[in-house]
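Okay, so here's the structure we're looking at.
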Amino acid sequence: MGAAVDRFCSISVKLGPYADIPFVASQAGAFHIAAGCHGFRAGRGDAVLIPVLQPPPSCRYLYFTNMQDRAAKIERAALDGTEREVLFTTGLIRPVALVVDNALGKLFWADADLKRIESCDLSGANRLTLEDANIVQPLGLTVLGKHLYWIDRQQQMIERVEKTTGDKRTRIQGRVTHLTGIHAVEDVSLEEFSAHPCARDNGGCSHICIAKGDGTPRCSCPVHLVLLQNLLTCGEPPTCSPDQFACATGEIDCIPGAWRCDGFPECDDQSDEEGCPVCSAAQFPCARGQCVDLRLRCDGEADCQDRSDEADCDGVSQKPEAHLVVGYRGPQLTPR
């Protein structure tokens with residue numbers, strides 16, 4: 001797995017409630033994800049540095065490879081994990097490196113099995129092969145100035161080409177053993193840094209600040225915390241009983257489990273009506289998302305809270321035995 005953002009486009013990270021960190025090294029073994037100066041990179045068994053830099057307001061997406069089900073994909077998502085979309089599913093076998101050049105508006109990647117380097121626009125358009133000759137084991141990519149650099153581990157070389165045309169291929173260094181990655185670092189002016197929406201007081205966020213596409217900050221939280229009602233501070237998630245549903249955010253913490261997916265949002269953030277299951281073939285889908293037994297459709301008694309199971313009943317054939325079903329259908333809720 002690999003991932004890439006522009007050199008300004010890594011997320012402003014704070015570890016728990018403690019401090020911002022400028023660099024992180026990881027040797028997880030299975031895979032690493034790193035926000036590099038010029039991109040995210042994932043590897044196996046090698047250490048990856050993660051410089052924490054601030055993205056400009058125009059930076060919106062994280063680009064990454066996905067090797068699930070042995071089918072390679074290149075995808076992108078907003079920096080908060082939303083707006084996920086697949087850019088490419090064909091013409092890939094094992095993409096091993098990604099790098100974004102936001103100045104040029106291009107995404108570059110290397111495929112270790114196809115032994116070629118390709119590029120496209122940040123939207124996924126205008127895909128083209130930049131280099132496919134005499135590449136044996138490409139691993140890392142980076143952009144610096146007008147050039148795209150890469151390493152070839154088997155040939156023990158660092159090479160570069162002009163990033164727009166693929167011309168003027170040049171060997172920069174040879175006979176470099178045990179190559180695992182390459183990153184380029186450029187100075188960031190104070191003006192560029194100060195213009196970022198998260199640069200001042202971490203955007204007002206207690207933990208993680210993310211720049212949205214419109215140039216405003218959005219606060220986020222580590223996986224063990226939730227965003228509180230002020231949308232700035234992270235706190236412990238509410239503790240609800242087993243028969244209750246925990247709202248994600250808002251003043252209401254817990255609601256009865258029976259209210260989950262009943263077609264009426266009870267949580268302030270409407271999280272109780274999100275991700276509701278699709279009704280089975282033996283169920284009737286109420287207009288507002290609730291599912292009821294199909295045999296209760298048009299039986300003269302409203303079972304959907306929105307009463308849609310008793311609407312448009314003209315011509316609906318109801319089997320007689322459906323009226324003979326006797327069973328417990330749950331407690332009656334007091335109207336609120």
Side-chain angles (χ1 to χ4, degrees), residues 2-10 34-43 51 53 55-56 58-65 72-76 85-176 179-189 192:
V5 290
D6 182 66
R7 67 188 179 97
F8 297 112
C9 294
S10 57
C37 294
H38 278 269
F40 277 4
R41 186 181 177 279
L53 300 176
S58 59
C59 176
R60 292 188 58 198
Y61 293 104
L62 164 73
Y63 295 79
F64 57 97
T65 61
K73 302 175 186 176
I74 294 180
E75 302 184 49
R76 75 175 184 179
E85 63 177 315
V86 177
L87 298 182
F88 301 113
T89 58
T90 60
L92 300 169
I93 298 180
R94 189 161 61 94
V96 293
L98 293 170
V99 64
V100 168
D101 183 359
N102 202 51
L104 186 62
K106 291 288 185 180
L107 172 70
F108 300 91
W109 68 93
D111 194 302
D113 287 1
L114 295 176
K115 304 183 188 305
R116 68 189 182 200
I117 297 171
E118 298 184 71
S119 71
C120 69
D121 296 343
L122 295 182
S123 64
N126 298 315
R127 178 178 179 177
L128 59 87
T129 298
L130 203 65
E131 188 62 67
D132 61 358
N134 194 28
I135 296 177
V136 180
Q137 191 181 7
L139 284 183
L141 293 174
T142 194
V143 173
L144 182 63
K146 299 179 180 180
H147 297 96
L148 174 71
Y149 294 77
W150 74 91
I151 59 174
D152 192 312
R153 184 167 185 169
Q154 184 167 328
Q155 298 190 88
Q156 302 181 0
M157 291 191 307
I158 303 173
E159 296 188 83
R160 79 178 189 187
V161 293
E162 290 188 351
K163 64 183 182 181
T164 55
T165 63
D167 296 336
K168 298 183 179 180
R169 181 171 175 175
T170 305
R171 179 185 298 186
I172 302 301
Q173 185 70 47
R175 297 183 180 179
V176 184
L179 289 167
T180 59
I182 183 170
H183 297 281
V185 180
E186 294 182 76
D187 290 334
V188 179
S189 70
E192 284 180 294

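Counting from 1, the numbers follow the sequence of the chain as shown. Since this is a predicted model, take the numbers as computed values, not measurements. All heavy atoms count here, side chains included; hydrogens, waters and symmetry mates do not.
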Under the rule for side chain to side chain donor-acceptor pair (under 3.5 Å), what residues qualify as partners of Lys163, not counting sequence neighbours?
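Here the qualifying residues are Asp101.
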Determine the sole option in Asp167, Leu130, Thr170 for which the side-chain contact (heavy atoms from CB on, under 4.5 Å) test with Val161 is passed.
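Among Asp167, Leu130, Thr170, the one meeting side-chain contact (heavy atoms from CB on, under 4.5 Å) with Val161 is Leu130.
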Hey, does the side chain of Arg169 reach the backbone of Glu131 with a donor-acceptor pair shorter than 3.5 angstrom?
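No: the side chain of Arg169 does not pair with the backbone of Glu131.
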Without swapping roles, check the side chain of Asn126 against the backbone of Cys120 for a donor-acceptor pair under 3.5 Å.
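Not confirmed, Asn126 side chain does not pair with Cys120 backbone.
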Gly181 to Ile151 - nearest heavy-atom pair and separation
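Between these two residues, the closest heavy atoms are N-CD1, 3.4 Å.
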Which heavy atom of Gly140 sits nearest a heavy atom of Ala97, and at what distance?
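It is CA-CB, 4.0 Å.
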Should [X] and [Y] count as side-chain neighbours, where that means a heavy-atom distance under 4.5 Å?
X: Val96; Y: Asp113; result: no
X: Glu85; Y: Arg76; result: yes
X: Asn134; Y: Gln155; result: yes
X: Leu92; Y: Ile74; result: yes
X: Val136; Y: Arg153; result: no
X: Glu162; Y: His147; result: yes

Measuring from [X]:[atom1] to [Y]:[atom2], what's the distance to the nearest 0.5 Å?
X: Phe108; Y: Leu141; atom1: CZ; atom2: CG; result: 9.0 Å
X: Gln154; Y: Leu179; atom1: CD; atom2: CG; result: 12.0 Å
X: Asp121; Y: Leu128; atom1: CG; atom2: CG; result: 8.5 Å
X: Ile182; Y: Glu159; atom1: CD1; atom2: CD; result: 11.0 Å
X: Lys115; Y: Asp132; atom1: NZ; atom2: CG; result: 12.5 Å
X: Thr142; Y: Arg160; atom1: OG1; atom2: CZ; result: 13.0 Å

N-O pairing of Asp111 and Arg94 below 4.0 Å:
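No, no charged N to carboxylate O under 4.0 Å.
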CZ/Arg127: more than 12 non-hydrogen atoms of other groups inside 6.0 Å
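Buried by this count: over 12 neighbours within 6.0 Å.
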Look at atom NZ of Lys73 and say whether more than 12 heavy atoms of other residues, nucleotides or ligands are closer to it than 6.0 Å.
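Check fails, neighbour count at 12 or below.
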Can you name the residues that form a ring pair (Phe, Tyr, Trp, His ring centres under 6.0 Å) with Trp109, not counting sequence neighbours?
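Residues passing ring pair (Phe, Tyr, Trp, His ring centres under 6.0 Å) with Trp109: Phe88.
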